Novice: 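To start, I am sharing the structure in question, which I have written as C-alpha cells.
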There are 2 protein chains.
Amino acid sequence: MDQTSKMEKLQQTADQAINLMKVLANKDRMILLCQISSGEKCVSELEEATGIKQPTLSQQLTVLRNEAVVATRKDGKKVYYSLASEIAATLMDVLHEHYCSKL
Amino acid sequence: MDQTSKMEKLQQTADQAINLMKVLANKDRMILLCQISSGEKCVSELEEATGIKQPTLSQQLTVLRNEAVVATRKDGKKVYYSLASEIAATLMDVLHEHYCSKL
DNA sequence: AAAATATTATATTAATTTGTATATTATAAA
DNA sequence: TTTATAATATACAAATTAATATAATATTTT
C-alpha cells in the first residue's frame, strides 16, 4: 500500500473515531452516558437525575441511539436505555477512572 | 452532599472531560495525534505525512498545545511535538486498539 | 383521557473551520 | 552585516456547522 492510500485508509478510520468523539463531546450526552454507565435507566429517571428538559433529553438520546452508543428496551410506557457500544463503554471507563476516581 | 451539589460537581467534571473530547473530535487533530502518538514529530514532518496545509496545521497544533495534550521542543528552526497528556495518550491507545488493530 | 416519550419545526446564538495574508525566528549566504 | 530563505506562528475575516431553547404536536401504552 502506498503512502497516499495509507493516508486515505487512516482518514476513513479517523472518521469513525471522530464521530464517536463528537457524540461524547457534549455535556448533556456525557452526563447521560455517566448515568447510563451504571446500569440501564428510563427517560423519566434520566430527566429527574440530570435536570435536562424532556425535548432536549429526547433529542440527545436520539443522537446516542443513532450512533449505536445506546440501545433501548421498552417496558409498558417506559423506555429503558443502556450502553450498547463496547468502545464507548471503555472510553467512559477510562474517563471515569481519570476524572472521577477522586470525587 | 445533596443531590443538587452532587450534580454540580458532576457537571464540572464533565466539563473537563468534554473539553478533551472536543479536542479529539476533529479530523485534523485526530490524525495529528495518531502521528505524534508513535513518537515526536516536527511540523514539517507532520505536514508531509498528513497533507494538512501549514496554517491549518499550525492552528490545530495550537489547539492541542492549549489543552496541554502536546508539548513542544525547539531545535534550531524546527519545533518538535510530542504527547504530553496521560489521559489523551490512554484514549488514543484505546481508539487505536479498537479501530486500527485490523488495519 | 392521561402518562411517557418522541418528533418536528424554528429561532437564536455560538463555536469551529478555512483561507489569506502577514509576522516571527533561526540559520545560511553574499 | 545585510539579505535571503526556511520553518513555524499569528491575526482576522468569511464561511460553515453545531448548540440551545422553545413550542407545538405526535405516538404509544395503560
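Keep in mind that what you see is a predicted model, and the values were worked out from it rather than measured. To find a chain, count down the sequence lines: A is the first, B the second, and so on, and within it residues start at 1.
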Novice: Using a cut-off of 4.0 Å on non-hydrogen atoms, how would the nucleic acid contact of A:Ser58 be classed: base, sugar-phosphate, or nothing?
Specialist: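 It contacts base atoms.
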Novice: Is the closest side-chain heavy-atom distance between A:Leu20 and A:Val69 below 4.5 Å?
Specialist: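 Yes. Closest side-chain heavy atoms under 4.5 Å.
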Novice: Which part of the nucleic acid, if any, lies within contact of B:Tyr80, taking any heavy atom under 4.0 Å across all strands shown: a base, the sugar-phosphate backbone alone, or nothing?
Specialist: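 Contact class for B:Tyr80: none.
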Novice: Taking for each residue the nucleotide of DNA chain D bearing the nearest heavy atom, is the 5' side occupied by A:Asp28 or by B:Glu45?
Specialist: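 The residue whose closest nucleotide sits nearer the 5' end is B:Glu45.
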Novice: Please tabulate, one pair per line, all N/O donor-acceptor pairs under 3.5 Å involving side-chain atoms of residues 25-33 of chain A, not counting sequence neighbours.
Specialist:
residue, atom, partner, partner atom, Å
A:Asn26, OD1, A:Asp28, N, 3.0
A:Asn26, OD1, A:Arg29, N, 3.0
A:Lys27, NZ, B:Gln11, OE1, 3.3
A:Lys27, NZ, B:Asp15, OD1, 3.3
A:Lys27, NZ, B:Asp15, OD2, 3.4
A:Arg29, NE, A:Val23, O, 2.7
A:Arg29, NH1, A:Gln60, OE1, 2.8
A:Arg29, NH2, A:Lys22, O, 3.1

Novice: Show every donor-acceptor pair shorter than 3.5 Å between a side-chain atom in residues 77-101 of chain B and any protein atom, with sequence neighbours excluded, or say none if there are none.
Specialist:
residue, atom, partner, partner atom, Å
B:Tyr81, OH, B:Arg65, NE, 3.1
B:Ser85, OG, B:Ala88, N, 3.0
B:Thr90, OG1, B:Glu86, O, 3.0
B:Ser101, OG, B:Glu97, O, 2.8

Novice: Any base atoms under 4.0 Å from B:Asn26, or only sugar-phosphate, or nothing? Heavy atoms, all strands.
Specialist: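 Counting heavy atoms under 4.0 Å across all strands, the contact made by B:Asn26 is with sugar-phosphate only.
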Novice: How many angstroms lie between atom CD of B:Gln16 and atom CE of B:Met21, to the nearest 0.5 angstrom?
Specialist: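 It is 12.0 Å, given to the nearest 0.5 Å.
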Novice: Give the residues of residues 70-78 of chain A touching DNA chain D, defined as any heavy atom closer than 4.0 Å, sorted by residue number.
Specialist: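 Correct list: A:Lys74, A:Gly76, A:Lys77.
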Novice: Enumerate the salt bridge (charged side-chain N to carboxylate O under 4.0 Å, His left out) contacts for residues 36-47 of chain A, please, sequence neighbours excluded, ordered by first and then second residue.
Specialist: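 Passing the test, one end in residues 36-47 of chain A: A:Glu40-A:Arg73.
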Novice: If you find the nucleotide of DNA chain D closest to A:Ala25 and the one closest to A:Gln59, which residue's nucleotide is nearer the 5' end?
Specialist: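 Here A:Ala25 is the residue nearer the 5' end.
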Novice: Using a 4.5 Å cut-off on heavy atoms from C-beta on, say whether the side chain of A:Leu61 contacts that of A:Leu46.
Specialist: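 They are in side-chain contact.
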Novice: Give a yes or no answer on whether the side chain of B:Ser58 reaches the backbone of B:Pro55 with a donor-acceptor pair at less than 3.5 Å.
Specialist: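 No, because the side chain of B:Ser58 does not come within donor-acceptor range (under 3.5 Å) of the backbone of B:Pro55.
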Novice: Which heavy atom of A:Ile52 sits nearest to which heavy atom of A:Leu57, and what is that distance?
Specialist: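 Reported closest heavy-atom pair: CG2-N, 3.7 Å.
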Novice: Using chain A heavy atoms and a threshold of under 4.0 Å, write down where along DNA chain D the contacts begin and end, 5' to 3'.
Specialist: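 Contact boundaries, 5' end first: D:dT20 to D:dT30.
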Novice: For chain A and DNA chain C, what are the first and last nucleotides along the strand, 5' to 3', with at least one atom under 4.0 angstrom from a heavy atom of the protein chain?
Specialist: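 Nucleotide range with atoms under 4.0 Å of chain A: C:dA3 to C:dA9.
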